[in-house]
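Some notes on the structure that comes next.
Values reported hereafter were calculated over all heavy atoms of this structure, with side chains retained and with hydrogens, waters and symmetry mates removed.
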Amino acid sequence: MDEPLLDQEQQHNPTFSSSLLVNLYVGHFLARWGARMWEFSVGLYMINVWPDSLLLAAAYGVVESSSTALFGPLIGHWVDNLSYIQVLRIWLLSQNLSFMVAGGAVVAILAYPNSISANYTSFISLVLLINISGAVGVLSTLGGTILIEREWVVVISEGQPPEVQTKMNSTIRRIDLTCKLFAPVVSGFIISFVSLTASAVTLALWNVLSVFLQYWLLMSVYKGIPILRQFSQRRVSKSSVMEVDESTSTHQEQDESSSSKGTTIIERFLNLPYISAWILYFKQDVVLPGLSLALLYFTVLSFGTLMTAALEWQGIPAYVIGIARGISATVGIAATFLYPVLQSRMSTLRTGLWSIWSQWTCLLLCVASVLVKGKMVSAYMLMGGVALSRLGLWMFDLSVIQQMQDHVAESDRCVVGGAQSSLQSTLDLMTYIMGIIISNPQEFWKLTMLSFVLVTIAAVLYSVHIYRVRKHLFHFDKILALVQWSVTTSS
């Protein structure tokens, strides 16, 4: 009689020290800090290299987003087929090396401000190096994100109460937003009170010095949590079996008659890693929430490269933009505390519904900023609306991530995660393409309105998903009962 209870207690009690989770969080923080420094600063670098145009900032965004859009599903396959240690090593080495090279290229291009006219070839070469290094760094970051958020969080929380996974998701997102809060503030102050060159040097040095500590911290997590090693070995074994199966099927296909060549070509095409990843993604029950989240990336209302460059053009100092972005991240951090509370009371699905519509409501302030004639007042309204909307955005993000963790099979998590990131980057790419088409900062209001329309579509799509699953959006009977109770009480 006591043995089942004992097994249940062992299942719910972690078999590792809680300090290992601290190591996981600190390692994740160090990796995200460098990425967030670069994400904020690159727009300011580009607008200063080529003033009065969003072209270079938008071009960088196109390269970065298109690389993730094209290679996102392949990154998911890569993470799925390699051991955890292999992924960890490649991720940390390539990410930190890429941002170090990008920072060095920025220093070189800023050291010779007249290079665009004096030596056009060198100027273009440095711009290409910045774009390529940044894109590789972002792809590496994606691999690390899939490893930590889609794999390790789920594996570590396996066999634990559901709130453990919710808490880990919220903590990981809180760390990311903390980096989003402080990294731009630090970079903004360095840019405003020292120089752009000093910020690029700081970025390069950070990645050189922190990579060894990141590796040590995350390796201690891997070695200290037995279930991670077990899952890693299982993944390697699965990959070996798949290679044998593929080799066998290849020999069988070679023996087929020529009459079936057409079918074989189609099957081979559908079995390509890139194509099969998308087929798998669109078969998921959570595809509509995934599409809704991805649509939120087709936006300039995010303190991203284009909005940062546009605010700089409007005369907002870099440190003010950094502080505003920090306030925005603070609101996002508040979302990571509020989400577990709402999720425990309202369910993951309904929390997502309330979150995305609250984001939409806050963005109405950005729409109003378009109608204001004063440039500075309009800029501050724009920043305020974006900052307030982060509460709903990040709760919605957590809701969708948890739905994907709960409803996507273990064998498909990495591939689906890669496809989701690819879709998000494809729509992010569309933002930068629109930035190239509408590159005049005076017409930034058009991008603002387009972004608001797409958030509206995302909210409607998620509402459709909720209705399909629950057959209703709101408990009208409870709302009616509450109204009747209020009327009765007041009378």
Side-chain angles (χ1 to χ4, degrees), residues 39-61 180 184-185 187-189 191-192 196 295-332 356-393 427-428 430-459:
E39 179 187 286
F40 171 75
S41 302
V42 65
L44 299 177
Y45 297 147
M46 294 305 186
I47 197 69
N48 277 272
V49 169
W50 196 332
D52 299 324
S53 176
L54 299 177
L55 187 60
L56 277 184
Y60 172 81
K180 199 171 186 177
V185 173
S187 297
F189 271 88
I191 291 170
S192 297
L196 278 168
L295 279 172
L296 301 183
Y297 282 76
F298 193 166
T299 181
V300 295
L301 304 176
S302 64
F303 283 103
T305 303
L306 289 179
M307 181 171 164
T308 300
L311 291 170
E312 171 85 0
W313 173 83
Q314 286 182 290
I316 306 297
Y319 75 92
V320 173
I321 300 173
I323 291 172
R325 180 170 175 154
I327 294 171
S328 172
T330 303
V331 175
I356 193 168
W357 281 109
S358 68
Q359 179 191 1
W360 181 88
T361 302
C362 292
L363 289 178
L364 290 173
L365 186 60
C366 299
V367 175
S369 73
V370 172
L371 307 176
V372 175
K373 293 183 179 180
K375 182 186 291 188
M376 297 299 287
V377 175
S378 175
Y380 280 101
M381 287 180 65
L382 178 66
M383 289 190 289
V386 171
L388 290 173
S389 71
R390 302 303 90 172
L391 185 70
L393 169 66
L427 289 162
D428 192 34
M430 296 302 298
T431 303
Y432 291 108
I433 291 176
M434 292 303 299
I436 291 175
I437 296 171
I438 308 174
S439 60
N440 187 343
Q442 292 180 339
E443 297 181 330
F444 188 77
W445 67 270
K446 295 180 181 178
L447 298 175
T448 299
M449 295 304 298
L450 175 62
S451 300
F452 180 76
V453 169
L454 288 162
V455 172
T456 305
I457 295 173

Just how far is it from atom CE of Met307 to atom OG of Ser451, taken to the nearest 0.5 Å? 10.0 Å
Sequence neighbours excluded, which residues qualify as side chain to side chain donor-acceptor pair (under 3.5 Å) partners of Tyr319? none
With Ser389 as partner, the option from Cys362, Ser328, Ser302 fulfilling side chain to side chain contact (heavy atoms under 4.5 Å, CB included) is Cys362
Measure the CD1-OG distance between Ile191 and Ser41 for me, rounded to the nearest 0.5 Å. 4.5 Å
Steps toward side-chain contact (heavy atoms from CB on, under 4.5 Å) verdict (Val367, Leu363): CA-CA 7 Å; Val367 175; Leu363 289 178; 5.8 Å; no
Give the C-alpha distance, both sets of side-chain angles, the deciding distance and a yes or no for side-chain contact (heavy atoms from CB on, under 4.5 Å) between Thr299 and Phe452. CA-CA 8 Å; Thr299 181; Phe452 180 76; over 6 Å; no
Nearest heavy atoms of Leu447 and Ile438, plus distance in Å: CD2-CD1, 3.9 Å
Taking the side chain as C-beta and beyond, is there a heavy-atom pair between Phe189 and Ile323 under 4.5 Å? yes
Shortest non-hydrogen pair, Pro441 vs Trp313, comes out as CB-CD2, 3.3 Å
Does Met430 have any side-chain contact (heavy atoms from CB on, under 4.5 Å) partners at least two apart in sequence or in another chain, and if so, which? Phe298, Ile433
Write out all pairs satisfying salt bridge (charged side-chain N to carboxylate O under 4.0 Å, His left out) with one or both partners inside residues 436-456, taking only residues at least two apart or from two chains. Glu443-Lys446
To the nearest 0.5 Å, how far apart are OH in Tyr45 and OG1 in Thr308? 12.5 Å
What's the spacing between Ile321 CD1 and Gln314 CD if we round to 0.5 Å? 9.0 Å
What pairs with Leu393 under side-chain contact (heavy atoms from CB on, under 4.5 Å), at least two apart in sequence or on another chain? Leu296, Gln359, Arg390
Interatomic spacing from OG1 in Thr431 to CG in Leu301 - rounded to 0.5 Å: 9.5 Å
Could you pull out every donor-acceptor pair under 3.5 Å between side chains of residues 374-386 and any protein atom, sequence neighbours left out?
residue	atom	partner	partner atom	Å
Ser378	OG	Ser369	O	2.8

Thr456 meets the side chain to side chain donor-acceptor pair (under 3.5 Å) criterion, sequence neighbours left out, with Trp360
Got a sec, which pairs hit salt bridge (charged side-chain N to carboxylate O under 4.0 Å, His left out) with one end in residues 303-315, sequence neighbours left out? none
Those residues at least two apart in sequence (or on a different chain) that pass side chain to side chain donor-acceptor pair (under 3.5 Å) with Trp445 are none
